[in-house]
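Source: prediction; values computed, not measured.
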Amino acid sequence: MPELPEVETVTRTLAPLLCGRRIEQVDIGAYTRCIAAPDPASFAARIAGRMVTNLARRGKFIVIGLDSGDRVTVHLRMTGELAVTAPDAPIPQHTHLVMELSEGDQLRYTDVRKFGRWSLLSPDEYEAFSASLGAEPLDPLFTPEQFRDMLWSRKRILKPLLLDQTFITGIGNIYADEALFRARIHPGRRSHELSEAESVALYHTIRNVLTGALAHRGTTLRNYRDGNGQPGENLAQLRIYSRNAGDPCDECGNPVARLVIGQRGTMLCPVCQALPQNPEVARAPDSSRSG
DNA sequence: TGACACCTGCGT
DNA sequence: ACGCAGGTGTCA
């Protein structure tokens with residue numbers, strides 16, 4: 001379900017509800033595989049009694065900082081949800097973890113498909129974890145030149161490359177298709193075959209698509225809710241992912257198409273995002289820059 | 001790079 | 001009944 005804009009929105013909505021509060025107790029339900037590390041008993045014991053000092057996001061992970069120096073990471077995968085509610089509110093179906101907070105409220109984690117994962121990491125473990133992830137696309141220090149070099153140093157198909165969290169973090173199926181559509185680049189192109197101009201265009205459409213979605217508090221297709229239980233409003237902003245195959249492209253009017261690339265459904269406009277007729281010139285080598 | 005696994009639910 | 005889903009991990 002959530003990609004960078006959704007995870008960032010959840011993080012922002014949870015922050016004022018959690019920061020400065022103590023986690024009195026951690027209740028893990030019958031589905032203990034949602035705890036990736038350490039073992040569930042240690043996870044609960046090391047968190048109980050700690051205070052939340054800060055919330056952050058790294059890629060698609062929510063990072064809960066504790067006064068012990070440990071960090072709790074949460075990945076919502078497809079259908080995970082976090083919400084802070086009063087303890088007497090009805091417990092929803094598929095609730096797998098509850099943190100009882102000081103002053104009575106509860107942080108509740110529900111996940112229909114049970115793909116989401118929690119971890120508790122020491123400072124050293126967190127550094128290693130973060131270092132294993134790719135570039136943050138909205139980092140002010142992330143430049144078009146850096147992105148171009150990243151693309152040209154690989155020879156990967158673009159769609160799976162954008163979804164590779166060790167390459168760049170936070171992009172998922174929705175925003176990969178949206179960014180490629182707006183940059184008019186076919187998702188099956190190879191990363192090292194993009195021109196300089198195409199790499200710069202993709203850099204900007206990635207950032208614009210993500211910041212735009214964040215401004216609309218994320219895209220709710222079905223399950224996604226923020227930390228207050230509110231859906232996002234970005235669905236109406238989507239220009240390709242939300243279309244059906246055969247619908248007219250809102251740019252050129254030709255029918256849009258659905259492909260499967262890297263085992264993922266992929267929406268595109270075959271006309272706007274045509275494959276280059278002559279791959280020899282697509283790379284735009286330095287010697288031709290005079291033209 | 002692909003096939004399949006992990007899960008449940010929804011639309012056709 | 002079947003295909004599909006906002007994600008990722010593992011195996012060949």
Side-chain angles (χ1 to χ4, degrees), chain A residues 1-11 29-37 57-62 73-82 92-97 109-119 129 132-134 137 154-181 187-192 206 209-210 212-214 216-227 230-247 257-268:
Chain A
M1 150 176 73
E3 306 179 28
L4 187 154
E6 292 77 34
V7 178
E8 180 70 29
T9 302
V10 171
T11 302
Y31 185 75
T32 57
R33 269 187 291 177
C34 61
I35 310 298
R57 178 193 57 76
R58 177 74 173 98
K60 298 177 189 173
F61 291 83
I62 298 157
T73 63
V74 190
H75 197 305
L76 301 173
R77 295 280 179 96
M78 294 289 269
T79 54
E81 292 177 38
L82 289 172
Q93 290 295 300
H94 311 293
T95 297
H96 302 117
L97 189 152
Y109 165 69
T110 63
D111 187 357
V112 169
R113 292 179 72 180
K114 304 180 180 175
F115 289 167
R117 291 293 180 269
W118 294 63
S119 293
F129 153 81
S132 73
L133 296 176
R154 311 284 192 107
K155 298 183 177 180
R156 301 264 307 274
I157 295 170
L158 279 175
K159 175 70 185 280
L161 183 59
L162 293 179
L163 298 180
D164 181 344
Q165 302 298 299
T166 70
F167 177 75
I168 190 168
T169 58
I171 300 174
N173 214 26
I174 295 178
Y175 303 116
D177 284 5
E178 291 295 320
L180 288 163
F181 172 77
R189 298 270 302 278
R190 294 271 170 177
S191 57
H192 63 294
I206 286 170
V209 157
L210 294 176
L214 184 53
H216 292 275
R217 304 167 54 78
T219 300
T220 296
L221 299 171
R222 174 166 300 159
N223 295 289
Y224 164 70
R225 297 290 186 278
D226 69 19
Q230 296 298 120
E233 305 291 344
N234 194 62
L235 181 58
Q237 309 301 315
L238 301 184
R239 295 184 59 194
I240 190 70
Y241 182 84
S242 57
R243 312 299 301 279
N244 294 307
D247 286 352
R258 180 183 182 275
L259 305 178
V260 175
I261 301 179
Q263 290 86 241
R264 305 300 300 277
T266 300
M267 298 302 303
L268 78 161

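Here Phe115(A) counts as stacked on dG7(C): its ring centre is under 5.5 angstrom from the base ring centre and the planes meet at under 30°.
In this model, no donor atom of one side chain and acceptor atom of the other lie less than 3.5 Å apart for Thr9(A) and Asp226(A). Judged by distance alone, the side chains of Glu6(A) and Tyr175(A) do bring a donor and an acceptor atom under 3.5 Å apart.
Here Tyr241(A) reaches the OP1 or OP2 of dG6(C): one of its side-chain N or O atoms lies under 4.0 Å away. Contact annotation: Lys60(A) side-chain N/O to dT8(C) OP1/OP2 distance is under 4.0 Å. Side-chain nitrogen and oxygen atoms of Gln263(A) include none within less than 4.0 Å of the OP1 or OP2 phosphate oxygen of dC4(B). Within the 4.0 Å cut-off from OP1 or OP2 of dT1(B), not a single side-chain nitrogen or oxygen of Arg154(A) is found. For the pair Arg113(A) and dA5(B), the criterion of a side-chain N or O lying under 4.0 Å from OP1 or OP2 is not met. Between dG6(C) and Arg264(A), a contact under 4.0 Å exists linking OP1 or OP2 to a side-chain N or O. For dC7(B), one of the phosphate oxygens OP1 or OP2 lies less than 4.0 angstrom from a side-chain nitrogen or oxygen of Arg33(A). Considering only side-chain N and O atoms, His75(A) lies under 4.0 angstrom from the phosphate OP1 or OP2 of dT8(C). Taking side-chain N and O atoms only, His94(A) has a distance below 4.0 Å to OP1 or OP2 of dG9(B).
Mapping Arg222(A) and Ile157(A) onto DNA chain B by nearest heavy atom places Ile157(A) at the nucleotide closer to the 5' end.
In summary, Asp177(A) and Lys159(A) engage in a salt bridge, as defined by a charged side-chain N under 4.0 Å from a carboxylate O. Using a cutoff of 4.0 Å between basic side-chain nitrogens and carboxylate oxygens, Arg225(A) and Glu81(A) are not scored as salt-bridged.
Distance from the side chain of Asn223(A) is smallest for dG6(C) among the nucleotides dC7(B), dC4(C), dG6(C).
The base-pairing partner of dC4(B), taking Watson-Crick or G-U wobble contacts with both distances under 3.5 Å, is dG9(C).
The aromatic rings of Tyr109(A) and Trp118(A) stand perpendicular to each other, their planes meeting at an angle above 60°, with 30° marking the opposite boundary.
Thr219(A) comes within 4.0 angstrom of a base, heavy atoms only.
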